[in-house]
Engineer: 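Structure in structure tokens, see below.
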Amino acid sequence: MADVDFIKSRLTSHPDFPKKGIVFLDIFPILRDPLAFETLITHLVHHITSTTIPKSPTGKIDVVVGLDARGFLLGPIIALRLGAAFAPVRKKGKLPGQCVSATYEKEYGADSFEMQADSIKPGQTVIVVDDLIATGGSARAAGQLISDLGGRTIEYLFIIELLFLKGASTLDAPIYSVVQSDD
Ligand SMILES: O=P(O)(O)OC[C@H]1O[C@H](OP(=O)(O)OP(=O)(O)O)[C@H](O)[C@@H]1O
Ligand SMILES: Nc1ncnc2[nH]cnc12
């Protein structure tokens, strides 16, 4: 598909960042190019409206959840285009009020996530958006927080999926990735 190849062509690869042995895939060159960024957002929104929403039990998406920090670059734009709410999953200690929290392991370290207790109402349908899935630790922790709040995750969306780490198989809902990498 031409739009996928165009988005893929903007990704850059950085060996041994942030640690030796990690090949870091950088999405920021997409955002530097307005046409590439628009193509990416349109591609994801088209996927959601044509494929994800028909699978939703309520026929709509209530909340788009974005993961700290690179999921914040995509989530609010997608939420606005869908007419849905946006709710952030933040690294621990950044959100005021009552929160739920979860600790997790990711490809290059451990971390803790939090969500505000009133950011999702029981029964609401949710999609999760982030730049990349590696081990799936971050997305799995987000899914746990959504489920703790009574939300129903319909799908996880990513720009990039690192297939060799098999993160998708650890999640409680299907994933969609625009670009897949085998190494
Ligand atoms: O599937 P996993 O093994 O959990 O790895 C993927 C996560 O790692 C990166 O986030 P990071 O925690 O580095 O945060 P950042 O967006 O603030 O850089 C990336 O943006 C994903 O959220
Ligand atoms: N290889 C990778 N590149 C970019 N972000 C990541 N997050 C976890 N693993 C990553």
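Note that ligands are numbered from 1 as they come in the structure, with each ligand's atoms numbered from 1 the same way. Excluded from the calculations below are hydrogen atoms, water molecules and symmetry mates; all remaining heavy atoms, backbone and side chain alike, are included. This structure is a prediction, so every number in the text was calculated from the model and none was measured.
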Engineer: Can L162 be said to touch ligand 2, with heavy atoms closer than 4.0 Å?
Structural biologist: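 In this structure, L162 qualifies as a contact of ligand 2 - some heavy atom is under 4.0 Å.
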
Engineer: Classify the angle between the aromatic ring planes of F24 and F17 as parallel (below 30°), tilted (30 to 60°) or perpendicular (above 60°).
Structural biologist: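 Answer is perpendicular, since the angle exceeds 60°.
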
Engineer: Within ligand 2, which atoms have a heavy atom of V23 less than 4.0 Å away?
Structural biologist: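 Listed by number with element: 1 (N), 2 (C), 3 (N).
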
Engineer: For atom 3 (N) of ligand 2, grab the closest protein heavy atom and report residue, atom and distance to one decimal in Å.
Structural biologist: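 Closest protein heavy atom to atom 3 (N) of ligand 2: L25 N, 2.9 Å.
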
Engineer: Which is closest to atom 6 (C) of ligand 2 in terms of heavy atoms, I133, I22, D26, L132?
Structural biologist: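 The residue whose heavy atom sits nearest atom 6 (C) of ligand 2 is L132.
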
Engineer: So, T135 and E107: side-chain donor and acceptor under 3.5 Å apart, yes or no?
Structural biologist: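 Judged by distance alone, the side chains do not pair up.
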
Engineer: For atom 7 (N) of ligand 2, what's the nearest protein heavy-atom neighbour? Residue, atom name and distance, please.
Structural biologist: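 For atom 7 (N) of ligand 2, the nearest protein heavy atom is Y108 OH, 3.3 Å.
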
Engineer: Are more than 12 heavy atoms, taken from residues, nucleotides or ligands other than K91, located less than 6.0 Å from that residue's NZ atom?
Structural biologist: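 For K91, atom NZ is crowded (more than 12 foreign heavy atoms under 6.0 Å).
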
Engineer: What are the atoms of ligand 2, with element, lying closer than 4.0 Å to any heavy atom of E107?
Structural biologist: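 The list of qualifying atoms is 1 (N), 2 (C), 8 (C), 9 (N), 10 (C).
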
Engineer: Show the atoms of ligand 2 that are less than 4.0 angstrom away from any heavy atom in A134.
Structural biologist: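 Taking each heavy atom of A134 in turn, ligand 2 has 8 (C), 9 (N) under 4.0 Å.
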
Engineer: Has K106 got more than 12 heavy atoms of other residues, nucleotides or ligands less than 6.0 Å from its NZ?
Structural biologist: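 Yes, the 6.0 Å shell around NZ holds more than 12 heavy atoms from other groups.
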
Engineer: Minimum heavy-atom separation for I77 to F37, with atom names?
Structural biologist: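 Closest approach of I77 to F37, heavy atoms only: CD1-CZ, 3.6 Å.
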
Engineer: What is the nearest protein non-hydrogen atom to atom 5 (N) of ligand 2, stated with its residue, atom name and distance?
Structural biologist: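 Here the closest protein heavy atom is R70 NH1, 3.2 Å.
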
Engineer: Between R81 and E38, does any NZ, NE, NH1 or NH2 come within less than 4.0 Å of an OD or OE carboxylate oxygen?
Structural biologist: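 Result for this pair is yes, salt bridge flagged.
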
Engineer: Count the heavy atoms of every other residue, nucleotide or ligand shown that sit under 6.0 Å from NZ of K121, and state whether that count exceeds 12.
Structural biologist: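 Counting other residues, nucleotides and ligands, NZ of K121 stays at 12 neighbours or fewer.
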
Engineer: For H14, which part has a heavy atom under 4.0 Å from ligand 2: side chain, backbone, both, or neither?
Structural biologist: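 Near ligand 2, H14 shows nothing, with every heavy atom at 4.0 Å or more.
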
Engineer: Look at the rings of F72 and F86 and say which category their plane angle falls in: under 30° parallel, 30 to 60° tilted, over 60° perpendicular.
Structural biologist: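 The arrangement is perpendicular - the two ring planes meet at more than 60°.
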
Engineer: In this structure, are over 12 heavy atoms from other groups packed under 6.0 Å from H14 atom NE2?
Structural biologist: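 Atom NE2 in H14 is crowded, with more than 12 foreign heavy atoms closer than 6.0 Å.
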
Engineer: Grab the two heavy atoms, one from P54 and one from T49, that are nearest each other, plus how far apart they are.
Structural biologist: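 Residues P54 and T49, closest heavy atoms: CD-O, 3.6 Å.
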
Engineer: Please list, by chain and number, the protein residues whose heavy atoms come under 4.0 Å of ligand 1.
Structural biologist: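 Lining ligand 1 at under 4.0 Å, by heavy atoms, one finds D68, A69, R70, K91, K106, E107, Y108, D130, D131, L132, I133, A134, T135, G136, G137, S138.
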
